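Written out below as structure tokens is the structure these notes cover.
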Protein chains: 2
Amino acid sequence: MSEDPSGAGDGAPARPARRPNVKDVAALAGVSWKTVSNVVNGTAPVRDSTRERVQRAIDELGYRPNAAGRNLRQGRSRLLALAIPEIRLAYFADLAHAVILAAKAHGYTVLIDETFAEPGHEQVVAEGFRVDLLDGVIFSPQALADSDLVAAGGRLPMVMLGEATLPVDGGTAAADHVVIDNVASAREATEHLIASGRRRIGFLGVRATETNGTGVLRHAGYKAALEAHGLPVEAFPAPAYSRPGGAEVVGALLDRFTGPDALDGLVCANDFLAIGAMHVLRAAGLRVPDDVAVLGWDGTEDGIYSNPTLTTVAPDLSALAELAVDLVLARVGGSTATPQVHTVGHRLIVRESTV
Amino acid sequence: MSEDPSGAGDGAPARPARRPNVKDVAALAGVSWKTVSNVVNGTAPVRDSTRERVQRAIDELGYRPNAAGRNLRQGRSRLLALAIPEIRLAYFADLAHAVILAAKAHGYTVLIDETFAEPGHEQVVAEGFRVDLLDGVIFSPQALADSDLVAAGGRLPMVMLGEATLPVDGGTAAADHVVIDNVASAREATEHLIASGRRRIGFLGVRATETNGTGVLRHAGYKAALEAHGLPVEAFPAPAYSRPGGAEVVGALLDRFTGPDALDGLVCANDFLAIGAMHVLRAAGLRVPDDVAVLGWDGTEDGIYSNPTLTTVAPDLSALAELAVDLVLARVGGSTATPQVHTVGHRLIVRESTV
DNA sequence: CACACAACTTCTAACGTTGAATACAGTGAT
DNA sequence: ATCACTGTATTCAACGTTAGAAGTTGTGTG
């Protein structure tokens, strides 16, 4: 009916055909558009009276500097990506939350890229995923081995989470890494089980394909603790660090929970494995923690509301996220410091599953 | 030591000082930059041999069209935002996952905005959050009432999830809405409890502040089912649709689960409330489902691995996400169709908690 | 040989922004 | 009255891309 092509309502001010730009503001304020820019960015001194006049024009038109123009001019987008296997996994949702907050504190916006742990997609990320759009990437790789990253020429500032992409020989890292002390935390967690009287403790979550990943390191700490007490070591691989993964492995392992050498403790490489494991154990008529003690990693909220509640190693996620954002933004700012491995804190939260 | 300011390694090709642009590609391929543009965008016909030559140059230089330049020229960023209360809540993580996939199918990238259900921040989103950067927004509001949205002039294509921002009087919606049939699904779920012999069924999750929100509609369906059977209605408010929220409410309500009129069923407005409720019920020595049947909404994976496993109403999330993306992109493309309310499917998944 | 047509080039312009350089006015000193 | 200086404000140019128009080849057709 109306001739207004914008389709906006009647009562409200009609949607302008074109978003206002600096020139519109300048025209309304009666100054040059550069002065408007100066007011917006504080680039050059502007007289108070002029500033007020410009500000009034900005408010009246609802002017917001166009991001594309600004990005083009400045060569920066103030956009970071967080590349993770899958946002549905609680740990990564927690991580994303922490990273979004940390980035916002620096005026940065975060966009989530799900890799689904596919080597192909992870390789794409490593090689400079959306280098046309992003200022930097925070990358939590899963399938990528240490050697892969070195091959990719660092086209885009990148920070790695976890040790997976570190050279096994201890050589120079290709990018900054942020990690928790997996060996120490695994030792702590295992010591906790031993202290509560467990003697036959299994480890769930070794991975054949990993050379330097989370699972390997946690397994190493677990092994060190048991060997220090002269106790037997028994490790099982997991296809995926997920609830179904944990359920599957433990399901195929149920006969190891009966007989004279029955397992009475299970160190799981993360909370999901532990919850999947507990689910199957319960279905098989085994009691947690009475028959088997179970613990995991990540400190996800699931462990607070699981039945029984779950003992877990919780990384200091906000510290991790802030550090990762600081490091990647330092590179964006031009830093060429030698990449390093940074360790953030963790703590063991003891709950019902290991009482 | 090296004079190379890029800081790149030695073996790998040094990071170029400047990212290649169309002119660099054109020079290498021996064609005009316009031809490169034509190859990249398919704007005009190009001979196969030429196309190949250009493609080789693109690959060799690792050329990727600069997003800022392209956005500026085309007036579109191919960026959508998904505004949700909090990514850590499993339902929203599932939703984000579905939206990311749906958007990717259209060449769009998604950026997550967490509103924390703060009215202030939700208002900002409604008024055209990052209109300078985004092509559109998919918005799952929590605190926003129906009237608020109308006031905001639609500066940015927006699709709303859920009924919260619909006018109560059934008037014209200010934007497209995508919903599930909350009344019908609540009736189904409640009928399921009645069919399994429950007679004293409570509802968890009404909200005083809502006029047209999810909780109100699910309560209406619940009420309709009970009244159809002449059974008593008993509803309780929840401070937040979270596990702690569910735990808190049920914790203060434990005496309603003993005595002659003891509740033997609990319809919870979402899975989180249900899991929090089950947690407290168990701690108080009550058995689910023996003493109390419990169910929720959202179909989150938590309900598969909870103890007991949880009966839930699962929305068809991929349909919901695809529809939302289609609708918002239609607006981006210039559609001025009258906003409508679109309903997607759901199904009741029966598990242990209501056997 | 004129003509149509395809493939490509050249040229112009514009998207909105901001750094660098420059112009301008007003003040105070010489 | 001239000059230097300071505080403001302005003009210029460029970021990388693409749309459009007009011109230039080369090839094949009538």
Side-chain angles (χ1 to χ4, degrees), chain A residues 16-55 57-58 61-79 107 130-135 155 334, chain B residues 16-55 57-58 61-79 107 130-135 155 332:
Chain A
R18 183 174 59 79
R19 297 208 309 114
N21 60 22
V22 281
K23 288 181 186 171
D24 299 325
V25 176
L28 182 59
V31 297
S32 79
W33 48 265
K34 177 65 199 189
T35 300
V36 175
S37 173
N38 286 336
V39 168
V40 172
N41 299 294
T43 334
V46 175
R47 195 161 30 199
D48 283 353
S49 62
T50 311
R51 183 194 320 284
E52 264 176 46
R53 203 145 36 90
V54 170
Q55 191 58 54
I58 288 176
L61 293 177
Y63 168 74
R64 297 268 296 144
N66 176 290
R70 175 175 275 181
N71 295 348
L72 181 56
R73 181 62 232 240
Q74 299 186 328
R76 299 198 289 159
S77 62
R78 300 192 172 274
L79 244 36
R130 302 249 29 201
V131 56
D132 56 309
L133 175 69
L134 302 169
D135 284 355
R155 310 180 75 84
Chain B
R18 182 175 60 79
R19 295 209 311 111
N21 60 23
V22 278
K23 289 181 186 170
D24 299 324
V25 175
L28 181 60
V31 298
S32 77
W33 59 261
K34 178 68 193 186
T35 301
V36 175
S37 176
N38 286 337
V39 169
V40 171
N41 300 295
T43 333
V46 175
R47 193 163 32 196
D48 283 353
S49 62
T50 311
R51 184 196 317 284
E52 265 176 44
R53 202 144 39 90
V54 170
Q55 192 57 54
I58 288 177
L61 293 177
Y63 169 73
R64 296 271 293 145
N66 177 290
R70 172 175 277 183
N71 296 348
L72 182 56
R73 179 62 232 241
Q74 299 186 330
R76 299 198 288 160
S77 62
R78 301 194 171 274
L79 245 35
R130 302 252 27 204
V131 57
D132 57 310
L133 176 69
L134 302 169
D135 285 355
R155 310 180 74 84
V332 172

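Here is how names work: the chains are called A, B, and so on, in the same order as the sequence lines, proteins then strands, and each is numbered from 1. The model shown is predicted, which means the values in this text are computed figures rather than measured ones.
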- Message: So, using side chain to side chain contact (heavy atoms under 4.5 Å, CB included) as the criterion, who are the partners of B:Leu28 when residues are at least two apart?
- Response: B:Ala57, B:Glu60, B:Leu61

Rounded to whole Å, please give me the gap between [atom1] in [X] and [atom2] in [N].
| X | N | atom1 | atom2 | answer |
| --- | --- | --- | --- | --- |
| B:Asp132 | C:dG16 | CG | P | 13 Å |
| B:Arg76 | C:dA14 | CZ | P | 22 Å |
| A:Asp24 | C:dG16 | CG | C1' | 11 Å |

- Would you name the heavy atoms of B:Val332 and B:Asp135 that are closest together and state the gap between them? CG2-O, 3.3 Å

- Item | Nearest non-hydrogen partners of B:Gly30 and B:Arg53, listed with the distance | O-NH1, 4.1 Å

Using a 4.5 Å cut-off on heavy atoms from C-beta on, say whether the side chain of [Y] contacts that of [X].
| X | Y | answer |
| --- | --- | --- |
| B:Leu133 | A:Leu79 | yes |
| B:Asn41 | B:Arg70 | yes |
| B:Asn66 | B:Asn21 | no |

- Task: Let me know which of A:Asp24, A:Val54, A:Ile58 forms a side chain to side chain contact (heavy atoms under 4.5 Å, CB included) with A:Tyr63.
- Result: A:Ile58

- Task: Report yes or no: does B:Arg51 contribute a side-chain atom to a donor-acceptor pair with the main-chain N or O of B:Val46 at less than 3.5 Å?
- Result: yes

- Task: Look at the side-chain N and O atoms of A:Thr50 and state whether any lies under 4.0 Å from the OP1 or OP2 oxygen of D:dA9.
- Result: yes

- Using Watson-Crick and G-U wobble pairs with both distances under 3.5 Å, what is the 5'-to-3' dot-bracket string of DNA chain C, with [ ] for crossing pairs and | for pairs outside the strand? ||||||||||||||||||||||||||||||

- Query: Which parts of nucleotides 15-28 of chain D does protein reach within less than 4.0 Å, heavy atoms only, written one letter per nucleotide 5' to 3' as B for base, S for sugar-phosphate only and - for none?
  - Reply: BBBBBB--------

